[in-house]
Amino acid sequence: MDKTYQPNAIEQQWYQTWEENGYFKPSGDTEADPYCIMIPPPNVTGSLHMGHGFQESIMDALIRYHRMLGDNTLWQVGTDHAGIATQMVVERLLGAEGVSRHDLGRDKFIEKVWEWKRESGGTITRQLRRLGASPDWSRERFTMDDGFYQAVQEVFIRLYEDGLIYRGKRLVNWDPKLHTAISDLEVLNEEEQGHLWHFRYPLSDGSGHLVVATTRPETMLGDTAVAVHPEDERYRHLIGKTIRLPLAERDIPIIGDDYVDREFGTGCVKITPAHDFNDYEMGQRHNLELINILDADANLNDAVPEKYLGMERFAARKQVVDDLDALGLLEKIEPHTLKVPRGDRSGVVIEPWLTDQWYVKTQPLAEDAIKAVEDGQVNFVPKSYENMYFSWMRDIQDWCISRQLWWGHRIPAWYDDAGNVYVGRSEKEIREKHSLDDDLSLRQDDDVLDTWFSSGLWTFGTLGWPEETPELKAFHPSSVLVTGFDIIFFWVARMMMLTLYFKKEVPFHTVYVHGLVRDNHGQKMSKSKGNVIDPIDLIDGIDLESLVKKRTTGLMRPKDAPKIEKQTRKDFPEGFAPFGTDALRYTYYSLAATGRDIKFDVGRIEGFRNFCNKIWNASRYVLQNCDGQDCAQDGSEDFELSLADRWIISQLQKTEKAVREAMDSYRFDLASQALYDFIWQEYCSWYLELSKPVLWDDSASAAVKKGTRRTLIRVLETTLRLAHPLMPFITEEIWQRVKTLARKSGDTIMLQPYPAPNEHKIDTDAEAAVAWLKEVIEGVRNIRGEMNISPAKKIPLLLRGGSDTDRQLLEQTRNLLTKLASLESITCLKQGEPAPASATALAGDLELLVPMAGLIDVEAESARLKKEIDKLEKELVRVQVKLSNPKFVDKAPAEVVAKEKDKLTEMQSAQMRLKQQLQALDNL
RNA sequence: AGACCCGUAGCUCAGUUGGUUAGAGCGCUGCCUUGACAUGGCAGAGGUCAGCGGUUCAAGUCCGCUCGGGUCUACCA
């Protein structure tokens, strides 16, 4: 083995082996428990970001864990066709050649999209492989696959037939750039600086005017009322009168509605029902006319005076203001901060716009979806996210599912010239069903379905539904959904509704909600902020110049480049070293606590790369000492387990238990911590050191040496299996080298059984003995460290006081103690025997004395003792106060009181000994 | 405006139903190339657990308020 761990030398090769050998497929063992995770399908246009890396790493850990537990395990993988995003990507590519999608026509364009998908749609799945993800690639699905397409059509038709889908003219969020409706969730409301314009609206009878305030002057051309609060003393007498709307020269009514906030602005509101959601509601209440003044580009249409016809909306705004000003009707302009709705893909201001769209009636679906969570059929982890789910579900709006795009699931609805709608699987089916004449012309709806409509069917659509496939039977409902909280509304809610309706069962039993990965400053990672980290760069490494270049090219605002460059150079002066996949994954796990934000500190990944190196080198040591040697793996019993052997075996059982518990409760941070401590602290720092005096001692018995080798190799092999779900590559690489010595057969660690703790191997005697040994060694090391005695210098140790147990333990561990504390000799002082001037440490009642002759500075030692005495004093006072409080003694449980009393006597005795030592030093 | 989350060492974070002297990693200080590992070893410094009040024999942990930070939902025309 190389002296240092080189991740790039092992990772890709193992991945290929695993995939080629089909290790990722379900075992197919129908006796075993099924375990199934459906990947939240990444956007086919996407490339892997830190959030994906985090999420996929978690899923892979769960999958590998359950596969090793022997479950029939399926990780279903696939991608999402991402209607808008994909269409935009392909349009941009065509645009570079000067071709628009309209030049091509719908069919040709869709062909182009498929072409793009075949060539470039695999980026993210290739990157997933770099992470070591182990989904069943042979079952990979795409939301536009034929089978899936059928399922989507089927769902639409059945919902329509059941009266849960309808078509209606409503206000939708219209993206004037992309020319499609988008959902509320795709609209970002950000605060922006704007103005509040106050206009005078003259009363029709010439008796005066009202002042209305607006942030969108151009919409006044579509006003159909002015509203005031019905109890507003200032205006209530005007209700029922009319306003002569300037510019448009129409008469519109003044209405009373308690939606109006008397305190805001002037207390008079212009009402534009066709261009504002609230005004629309009010229009419905008061039967107001809807005047649509915008076309699909958000330019003014022919419903406005000719002067404004065809004007762009912001130009029209300026014109309207100027014209009203010229008429003397502009009262004032105030600066005003308002939330501006923008499309999350296009970035342009979204218009509420009146269109015909398809809707899902969500309320009946939501009821069952709420009940499933209330009844505990679906559990959220952490539980607090259930509130978020409930609050969304209980206030759910009908879901607009049509999109004015070409790329997507085309809506299976046809129209005749009379405007009748027919929904069915094909034109042919519709003609038959409705006995339509062949010469009656039908045209299919041009729109496609919201991408989330299809991803809502993901859990069962990927398993072959509507056919009752064996996979559907075995793996649905899936076991757990792993997702970010930002997607609960988008996706979780929709899967719940659609799956419950069509499968009559929940889509998954558990929803594990993880936090969002942010940068080390807590900022969301985004291209425009220039703080994105590509997980692949952490795996392979990247130099600073390439990183700067990557972050500063293709910016939406190129002027940000210098700032981004400066910050990048400051944060990562060396770029990234190649840390490898296992270190990256381990970092993710260590951060996977229950919080909402996961601040990714690159500093941590280096620590875990070092951890990998530690495992690597510990394995080298084990192999050096075991290779070609008898490790008692042939069933022989002529070996003897030492105290240290029994101790590490005992600790291993506890670690196995802790790791399993953590994995079962989705606490990957705790699992990674437990493993890290065991491997580094206990196995490497202590056990390997304890094995050296045995293996290198010529006088040690063959049986004990054999027992030590047996323990070295067995504990290592078990630990590798325990760690495999978290760090698949390094564990496989090392396992292949130790498996023969450990008498394991099998081609891969992936399919080995997961370690299970054995209570009979918990050895409290050995634990107590090693705890004692550690305490004594640490006492001596403390003196050595504080007194700056070279580790190479062998020193004598005198022991005073202590119990028979101490003396027994000493004899059991004398050899280990001598080696590990680097001692020249160990001498027990007899009762009353005078000790030379010494530095002191305590191990319980036992005094550890290191004679000072030439080694130790008296002043430094007395300072050290004083510090120790003071520390004890503080705690002593605390405990004394506690014990002298009768309430505590009376009310606290007896064992708590006893514990405090023991503590007190122990500390008093310790302090007394230290004081005596201090006295002795002072007497010198 | 409503709801939720967070505030623990210089930094990033653990701390299960209240009960040893509040832990880890990174960083920092000192010593050390000792036969797995300097991507290392040993030792050490560093915390009024945001603040105030309450419940309790006992609060980082439970309750209330304040301050600070964040997220989501709704929204003021």
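Letters A, B, ... mirror the listed sequences (proteins, then strands); counts begin at 1.
For the pair A:Lys867 and B:rA45, the criterion of a side-chain N or O lying under 4.0 Å from OP1 or OP2 is met. Distances shorter than 4.0 Å separate none of the side-chain N or O atoms of A:Asn885 from OP1 or OP2 on B:rA58. Contact annotation: A:Lys3 reaches the phosphate of B:rA38 (side-chain N/O to OP1 or OP2, under 4.0 Å). Dashed line: the shortest gap from a side-chain N or O of A:Arg878 to OP1 or OP2 of B:rG19 is not under 4.0 Å. Contact between the side-chain N/O atoms of A:Asn278 and the OP1/OP2 oxygens of B:rC76 is found at a separation under 4.0 Å. For B:rA77, neither phosphate oxygen OP1 nor OP2 lies less than 4.0 angstrom from any side-chain nitrogen or oxygen of A:Tyr259. Contact check, A:His198 against B:rA77: no side-chain N or O comes under 4.0 Å of OP1 or OP2. Checking the phosphate oxygens (OP1, OP2) of B:rG41, a side-chain nitrogen or oxygen of A:Trp680 falls inside 4.0 Å. At B:rG41, one or more side-chain N or O atoms of A:Lys614 fall inside 4.0 Å of OP1 or OP2 (strictly under the cut-off). A:Lys891 has a side-chain polar atom (N or O) that falls below the 4.0 Å cut-off from OP1 or OP2 of B:rC57.
For the P atom pair drawn from B:rG41 and B:rG27, the interatomic distance equals 12 Å after rounding to whole Å. To the nearest whole angstrom, the two P atoms, one in B:rC31 and one in B:rU12, are 30 Å apart. Taking the P atoms as reference points, B:rG40 lies 50 Å from B:rA3, given to the whole Å. With both ends at atom C1', the span from B:rA74 to B:rU56 equals 41 Å, rounded to whole Å. Between the C1' atoms of B:rA14 and B:rG23, the separation comes to 7 Å (whole Å). If you take atom P in B:rU8 and the same atom in B:rG47, they sit 15 Å apart, rounded to whole Å. Between B:rC49 and B:rC13, the distance separating the two C1' atoms is 14 Å to the nearest Å.
As the counterpart of B:rA59, no nucleotide is assigned, since no Watson-Crick or G-U wobble pattern has both distances under 3.5 Å. Pairing of B:rA3, defined by two Watson-Crick or G-U wobble distances under 3.5 Å, is identified with B:rU71. A 3.5 Å limit on both hydrogen-bonding distances identifies no Watson-Crick or G-U partner for B:rA38. The pairing partner recorded for B:rC76 is none, the criterion being a Watson-Crick or G-U wobble arrangement whose two distances lie under 3.5 angstrom. Nucleotide B:rC65 forms a Watson-Crick or G-U wobble pair with B:rG51, both donor-acceptor distances falling under 3.5 Å. B:rA43: Watson-Crick or G-U partner is B:rU29, with both key distances under 3.5 Å.
Using a cut-off of 4.0 Å between Lys/Arg side-chain N and Asp/Glu carboxylate O, A:Lys794 and A:Glu824 are scored as not salt-bridged. Under the 4.0 Å criterion applied to side-chain N and carboxylate O atoms, A:Arg604 and A:Glu606 are not assigned as salt-bridge partners. Comment: A:Arg864 does not engage A:Glu868 in a salt bridge, judged by the lack of any side-chain N to carboxylate O separation of less than 4.0 angstrom. Under a 4.0 Å N-O distance rule, the pair A:Glu873/A:Lys871 does not qualify as a salt bridge. Between A:Arg781 and A:Glu778, no side-chain nitrogen of the basic residue sits less than 4.0 Å from a carboxylate oxygen of the acidic one, so the salt-bridge criterion is not met. A salt bridge between A:Arg285 and A:Asp257 is present, with a side-chain N of the basic residue lying under 4.0 Å from a carboxylate O of the acidic one.
Residue contacts for A:Cys612: at a heavy-atom cut-off of 4.0 Å it reaches no nucleic acid atom on any strand shown. Residue A:Arg604 is in base contact, counting any heavy-atom pair closer than 4.0 Å across all strands shown. Using a 4.0 Å heavy-atom cutoff across all strands shown, A:Glu386 reaches no nucleic acid atom at all. At the heavy-atom level, A:Thr215 lies under 4.0 Å from the strands shown only through sugar-phosphate atoms. Residue A:Ala792 is classed as having no contact, given no heavy-atom separation below 4.0 Å to the nucleic acid. No contact: A:Phe611 has no heavy atom under 4.0 Å from any strand. Counting non-hydrogen atoms under 4.0 angstrom, A:Pro893 reaches a base of the nucleic acid.
Taking only distance into account, the side chain of A:Gln681 never meets the base of B:rA24 through a donor-acceptor pair shorter than 3.5 Å.
Candidate nucleotides B:rA43, B:rC42, B:rC37 were compared by shortest atom distance to the side chain of A:Glu778, and B:rA43 ranks first. Distance from the side chain of A:Leu591 is smallest to B:rU12 among B:rA77, B:rU39, B:rU12. Distances from the side chain of A:Lys887 to the nucleotides B:rC57, B:rA36, B:rG44 place B:rC57 closest. Here B:rA43 is the nucleotide among B:rG40, B:rA43, B:rU39 with the atom lying nearest to any side-chain atom of A:Asn782. Side-chain proximity of A:Phe485 to the nucleotides B:rA14, B:rU71, B:rA36 is greatest for B:rU71. Closest to the A:Val260 side chain, of the nucleotides B:rA36, B:rA77, B:rA43, is B:rA77. Listed nucleotides B:rC11, B:rC75, B:rA14 differ in distance to A:Leu670; the shortest reach to its side chain belongs to B:rA14. Taking the side chain of A:Thr4 as heavy atoms from C-beta on, and the options B:rA77, B:rU39, B:rA14, the nearest nucleotide is B:rU39. Of the candidate nucleotides B:rC32, B:rA77, B:rA36, B:rA77 has the atom lying nearest to any side-chain atom of A:Val269. Nearest to the side-chain atoms of A:Arg518 among the listed nucleotides B:rA36, B:rA77, B:rU71 stands B:rU71.
The distance from atom CD of A:Gln6 to atom P of B:rC37 is 15 Å, rounded to the nearest whole Å. Computed from coordinates, the A:Tyr586 OH to B:rC26 P distance equals 13 Å when rounded to whole Å. Atom CG of A:Leu688 and atom C1' of B:rG40 are 13 Å apart (whole Å). To the nearest angstrom, C1' of B:rC31 lies 14 Å from CD1 of A:Ile795. Going from atom CG of A:Leu516 over to atom P of B:rU71 covers 11 Å, rounded to whole Å. When the C1' atom of B:rC32 is taken as reference, atom CG of A:Asn788 falls 10 Å away, rounded to whole Å. Going from atom CG of A:Asn613 over to atom P of B:rA36 covers 14 Å, rounded to whole Å. Rounded to whole Å, atom P of B:rG19 lies 21 Å from atom CG of A:Leu904.
Taking the centre of each ring, A:Tyr385 and A:Tyr389 stay at or above the 6.0 Å mark.
The 5' end of RNA chain B is approached more closely, in terms of each residue's nearest nucleotide, by A:Lys599 than by the other of A:Lys599 and A:Gln624. Position along RNA chain B of the nearest nucleotide to A:Ala892 versus A:Arg216 favours A:Ala892 as the more 5'-ward residue.
Ring-to-base geometry places A:Trp696 in a stacked arrangement with B:rG35 (centre distance under 5.5 Å, plane angle under 30°).
The closest side-chain heavy-atom distance from A:Tyr683 to A:Val622 is below 4.5 Å. Using a 4.5 Å cut-off on side-chain heavy atoms (C-beta onward), A:Thr224 and A:Thr272 make no contact.
Atom-to-atom distance recorded for A:Ile615:CD1 and A:Asn610:CG is 11.5 Å, nearest 0.5 angstrom.
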